[in-house]
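For reference, the structure discussed in these notes is given below.
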Amino acid sequence: MRAQDSATGSGTIAVDAGTEGTEGTETSPTPALDAAPHTTEASAPNLPPHTAQAPARRGTLLAALGVVAFSLTFPSTAWGLESFGPWSLVALRSTLAALIAGGFLLAVRAPVPARRHWGGLAVVAGGVVIGFPLLTTLALQTSTTSHAAVVVGLLPLTTAVLGSLRTGERPSRTFWVAALAGAAVVIGFTVQQSGGALTSGDLYLFGALLVCAAGYTEGGRLARVMPGWQVIGWALILCLPLAVAGSAVAVPLEPVHLTAHGVLGLVWVAAGSTFFGLYVWYKGMAEIGVPRASQLQLAQPLLTLAWSFLLLGEEVSAAAPLAAVAVLVCIAATQRTGRRGRAAPRSAGETGPVRS
């Protein structure tokens, strides 16, 4: 994702070497950019229909690609655990993803983020770079991927709630009814798939739910003021010292048995889930808003179940198609509903969505 903006007093956005979306360093206001209209959902009704709909469609597509990438996370983690211990897998995953992000940041000569954004980056790092991977990896030692999908079933609703509180967006009642119905379908389906039994990993899963929702919400907010890939890029860089130290400690202490599945699992959770998935996810979230993007994740548990069947050989009941149809109906309903209020005013120096 893209590197964040560096601190400026003017809060303008400078375009350097064709790279959009990074705030320049100590530069005078740029009237042409300041005057340019931002294509947000709130301002879209003032634009021609085809112009207003394009960002929403693009944002939905990008967020959906992120969901597909995320849906492979649990099966890939299960593969990775064939070769690495849970602490080693998480530390190596974060290290590799940070190196990839660092390479991209250096390639575009991205400026260091503004000081006011580092707090938000820390939330993203703690939630989606360290917290969620670590807690779900620990949970998957005793839980199946089907059971772990319960977390993903609750994540869209949790993210929408936190997003509304954090950004001031107010989804309509229809949105909430559809979201709650979709969450109920997903939870009921995944619990039924796991036999309704709770495991010792449930505390890890619920903890992962909360920290990931917080990270998604803060990342979505930051993606409105800087390129989305730089949000996750700098969050990964922030975690790099801890990830390297964790790798140095965990790898010698935990058994390592390299297999093709184990290596592929590690590569995917690092490059696919952590970098590419979050890159397109935050870009899409900046286009269509946190609540609407979060509801696309209602499809993630069902996708995870499909991957679990195809890649891990786990059994999936005949109820899956019915649940899939019900969830897709709920998703369609959430995507068609509007918001009753604008987002909360941005802080000084923040501007509209930044494309990349």
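- Among all heavy-atom pairs drawn from Ala299 and Val327, the shortest one is N-CG1, 4.0 Å.
- Leu240 and Ile130 fall into different hydrophobic clusters, defined by Ile, Leu, Val, Met, Phe, Trp and Tyr side-chain heavy atoms under 4.5 Å apart, directly or through other members.
- Between the side chain of Ser71 and the backbone N or O of Gln300 there is no donor-acceptor pair closer than 3.5 Å.
- Atom-to-atom distance recorded for Leu258:CG and Phe84:CZ is 5.0 Å, nearest 0.5 angstrom.
- Side-chain contact check for Thr137 versus Trp87: every heavy-atom pair is 4.5 Å or farther apart.
- In this structure, CD1 on Ile100 lies 7.0 Å from CZ on Phe275, to the nearest 0.5 angstrom.
- Atom OG1 of Thr145 and atom CG of Leu72 lie 11.0 Å apart (nearest 0.5 Å).
- In this structure, CG in Leu134 is found 8.0 Å from OG1 in Thr136, a value given to the nearest 0.5 Å.
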Before you tell me yes or no, could you show the steps for Thr217 and Arg221 under side chain to side chain contact (heavy atoms under 4.5 Å, CB included), namely the whole-Å CA-CA distance, both residues' side-chain angles and the distance that decides it to 0.1 Å? CA-CA 6 Å; Thr217 299; Arg221 186 190 68 83; 6.0 Å; no
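- Taking hydrophobic clusters as Ile, Leu, Val, Met, Phe, Trp and Tyr residues chained together by side-chain heavy-atom distances below 4.5 Å, Phe132 shares a cluster with Leu81.
- For Phe74 and Trp307, the ring centers sit 6.0 Å or farther from each other.
- The two residues Ser94 and Ala243 come nearest to each other via the heavy atoms CB-CB, 3.7 Å.
- To the nearest 0.5 Å, atoms CZ (Arg224) and CE (Met285) are separated by 10.0 Å.
- Heavy-atom minimum distance, Thr274 versus Ala270: CB-O, 3.3 Å.
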Evaluate Asp202 against Leu205 for side chain to side chain contact (heavy atoms under 4.5 Å, CB included), listing each step before the verdict. CA-CA 5 Å; Asp202 287 326; Leu205 293 174; 3.9 Å; yes
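- In this structure, Val211 is not a member of the same hydrophobic cluster as Val269, with clusters built from ILVMFWY side-chain heavy atoms closer than 4.5 Å.
- Ala139 and Gly201 make their closest contact through CB-O, 3.7 Å (heavy atoms, listed as atom of the first residue, atom of the second, distance).
- Both Trp268 and Leu310 belong to a common hydrophobic cluster when Ile, Leu, Val, Met, Phe, Trp and Tyr are linked at side-chain heavy-atom distances under 4.5 angstrom.
- Summarising the geometry of Pro252 relative to Val249, their closest heavy-atom pair is CD-O, 3.4 Å, with the distance given to 0.1 Å.
- Nearest heavy atom pair, residue Ala323 against residue Val185, reads O-CG1, 4.0 Å.
- When the side-chain contact (heavy atoms from CB on, under 4.5 Å) test is applied to Pro133, the partners found at least two apart in sequence or on another chain are Val90, Arg93.
- Hydrophobic cluster membership is shared by Phe104 and Tyr282, with clusters built from Ile, Leu, Val, Met, Phe, Trp and Tyr side chains linked at under 4.5 angstrom.
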Would Trp79 and Leu266 count as a side chain to side chain contact (heavy atoms under 4.5 Å, CB included) if you check the C-alpha gap in whole Å, the side-chain angles of each, and the deciding distance to 0.1 Å? CA-CA 8 Å; Trp79 273 6; Leu266 172 61; over 6 Å; no
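- Listed for the Ser83 side chain is a donor-acceptor partner under 3.5 Å among the backbone atoms of Thr259.
- Here the side chain of Glu254 pairs a donor or acceptor atom with the backbone of Ser88 at under 3.5 angstrom.
- In this structure the side chain of Pro113 never reaches within 4.5 angstrom of the side chain of Met226, judged on heavy atoms.
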Assess whether side chain to side chain contact (heavy atoms under 4.5 Å, CB included) is satisfied between Leu155 and Cys212, documenting all intermediate values. CA-CA 8 Å; Leu155 186 56; Cys212 189; 4.0 Å; yes
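- Relative ring orientation between Phe70 and Tyr216 is described as parallel, the plane-to-plane angle staying below 30° on a 0-90° scale split at 30° and 60°.
- With values rounded to the nearest 0.5 angstrom, Ser76 atom OG is found 8.5 Å from Leu264 atom CG.
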